[in-house]
Amino acid sequence: MIQGLIFDLDGVIVDTARYHYLAWKKLADELDFHFSESQNEALKGVSRMHALEILLQIGGVQASEEKKLDWAERKNVWYRQYLKTLTPNDILPGVLEFLREAKERRYKTALGSASKNARTILDQLEIIDYFDFIADGTMTQKAKPDPEVFLLAAEGILCPPKDCLVFEDALAGVQAARNAGMKVVGIGNPSVLEKADMIFPGFKNLHLADLEALCQ
Ligand code: BG6
Ligand code: MG
């Protein structure tokens with residue numbers, strides 16, 4: 001029986017996936033190669049350094065470790081400029097209602113995000129109190145599709161993995177949830193989420209009662 005709900009952040013709770021893309025695109029522009037939104041799908045859900053590796057591979061760029069660290073840092077500075085503009089109005093439609101329903105129905109809730117900026121974002125959105133535990137990129141060694149971040153989240157809410165339901169928008173995240181032995185709801189584009197147990201376009205009009213029925 002589902003007892004714990006684990007939410008990815010970027011692209012699930014808030015559309016920061018777009019800001020990640022814009023910041024990486026700025027770096028690609030500087031390095032003088034084209035980087036499309038469809039290529040950006042491969043960067044979703046994975047850690048900052050792993051995302052940089054994928055980007056450089058797309059651009060056919062080779063660089064020293066020192067240079068890579070410098071570029072990742074610059075991208076993060078640009079990304080954090082976008083984050084400053086975030087307000088509670090940027091919470092994606094239906095998410096707040098869903099989190100409230102989860103609390104009313106006494107589910108344990110956790111964040112399971114690769115981002116090192118997760119707490120900043122939750123603060124800006126003023127929803128940090130909806131989470132019983134936050135597992136983020138500051139606590140993990142391995143990027144999704146490795147299950148580390150979700151297993152840490154499950155441990156944090158004292159919930160066995162098989163009783164956790166994960167909400168994810170990225171292919172690497174869906175794989176990570178499955179690798180953790182959890183059920184997964186894909187949020188967003190069905191073409192990249194086909195490995196999810198269920199797929200919904202977003203949280204609007206999504207109710208826990210419906211999910212409970214589907215999970216049985
Ligand atoms: C994930 C995003 O949530 O966080 C990835 O989907 C991103 O695109 C990763 O690379 C790391 O984020 P940050 O904020 O630590 O650079
Ligand atoms: Mg995501």
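Residue numbers start at 1 and run along the sequence shown. Just follow the structure's listing: the first ligand is 1, and inside any ligand the first atom is 1.
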Any donor-acceptor N/O pair, [X] side chain to [Y] backbone, under 3.5 Å:
X      : Y      : answer
Asp163 : Cys159 : no
Glu101 : His207 : no
Asp146 : Ala143 : no

So for ligand 1, is [X] a polar contact partner (N or O within less than 3.5 Å, distance only)?
X     : value
Asp8  : no
Lys44 : no
Asp10 : yes
Ala51 : no
Tyr79 : no

* Would Trp71 end up clustered with Val46 when hydrophobic side chains under 4.5 Å apart are linked, directly or stepwise? -> yes
Atoms of ligand 1 close to [X] [distance to a heavy atom under 4.0 angstrom, numbered from 1]:
X      : value
Lys116 : 13 (P), 14 (O), 15 (O)
Leu43  : 5 (C), 8 (O)
Ser113 : 3 (O)

* Under 30°, 30 to 60°, or over 60°: which ring-plane class applies to Phe7 and Phe98, parallel, tilted or perpendicular? -> perpendicular
* When you look at Lys204 and Leu92, which way does the side chain to side chain contact (heavy atoms under 4.5 Å, CB included) test go after all the steps? -> CA-CA 9 Å; Lys204 207 162 174 214; Leu92 287 171; over 6 Å; no
* **Opening angle between OD1 in Asp169 and O in Asp10, taken at the Mg ion (ligand 2), to 10 degrees** => 90°
* Under a 4.0 Å heavy-atom limit, does His20 contact ligand 1 with its side chain, its backbone, both, or neither? -> side chain
* **Region of Ser115 engaging ligand 1 - heavy atom pairs below 4.0 Å** => both
* Calculate, to the nearest 0.5 Å, the distance between atoms NE2 and CD belonging to His34 and Gln39 respectively. => 6.0 Å
Among protein heavy atoms, which sits nearest to [atom], and what does the distance come to when rounded to 0.1 Å?
atom                    : value
atom 9 (C) of ligand 1  : Val46 O, 3.1 Å
atom 16 (O) of ligand 1 : Arg48 NE, 2.7 Å
atom 6 (O) of ligand 1  : Gly45 N, 2.8 Å

* Asked: Has Asp8 got an N/O/S atom less than 2.8 Å from the Mg ion (ligand 2)?
  -> yes
* Stepwise salt bridge (Lys or Arg N to Asp or Glu O under 4.0 Å) check, Asp29 with Lys26 -> CA-CA 5 Å; Asp29 287 347; Lys26 198 168 157 85; over 6 Å; no
* Short side-chain donor-acceptor distance under 3.5 Å, Asn117 and Asp10 -> no
* **Worked verdict on Lys68 versus Glu53 for salt bridge (Lys or Arg N to Asp or Glu O under 4.0 Å)** => CA-CA 8 Å; Lys68 286 180 192 169; Glu53 294 290 350; 3.3 Å; yes
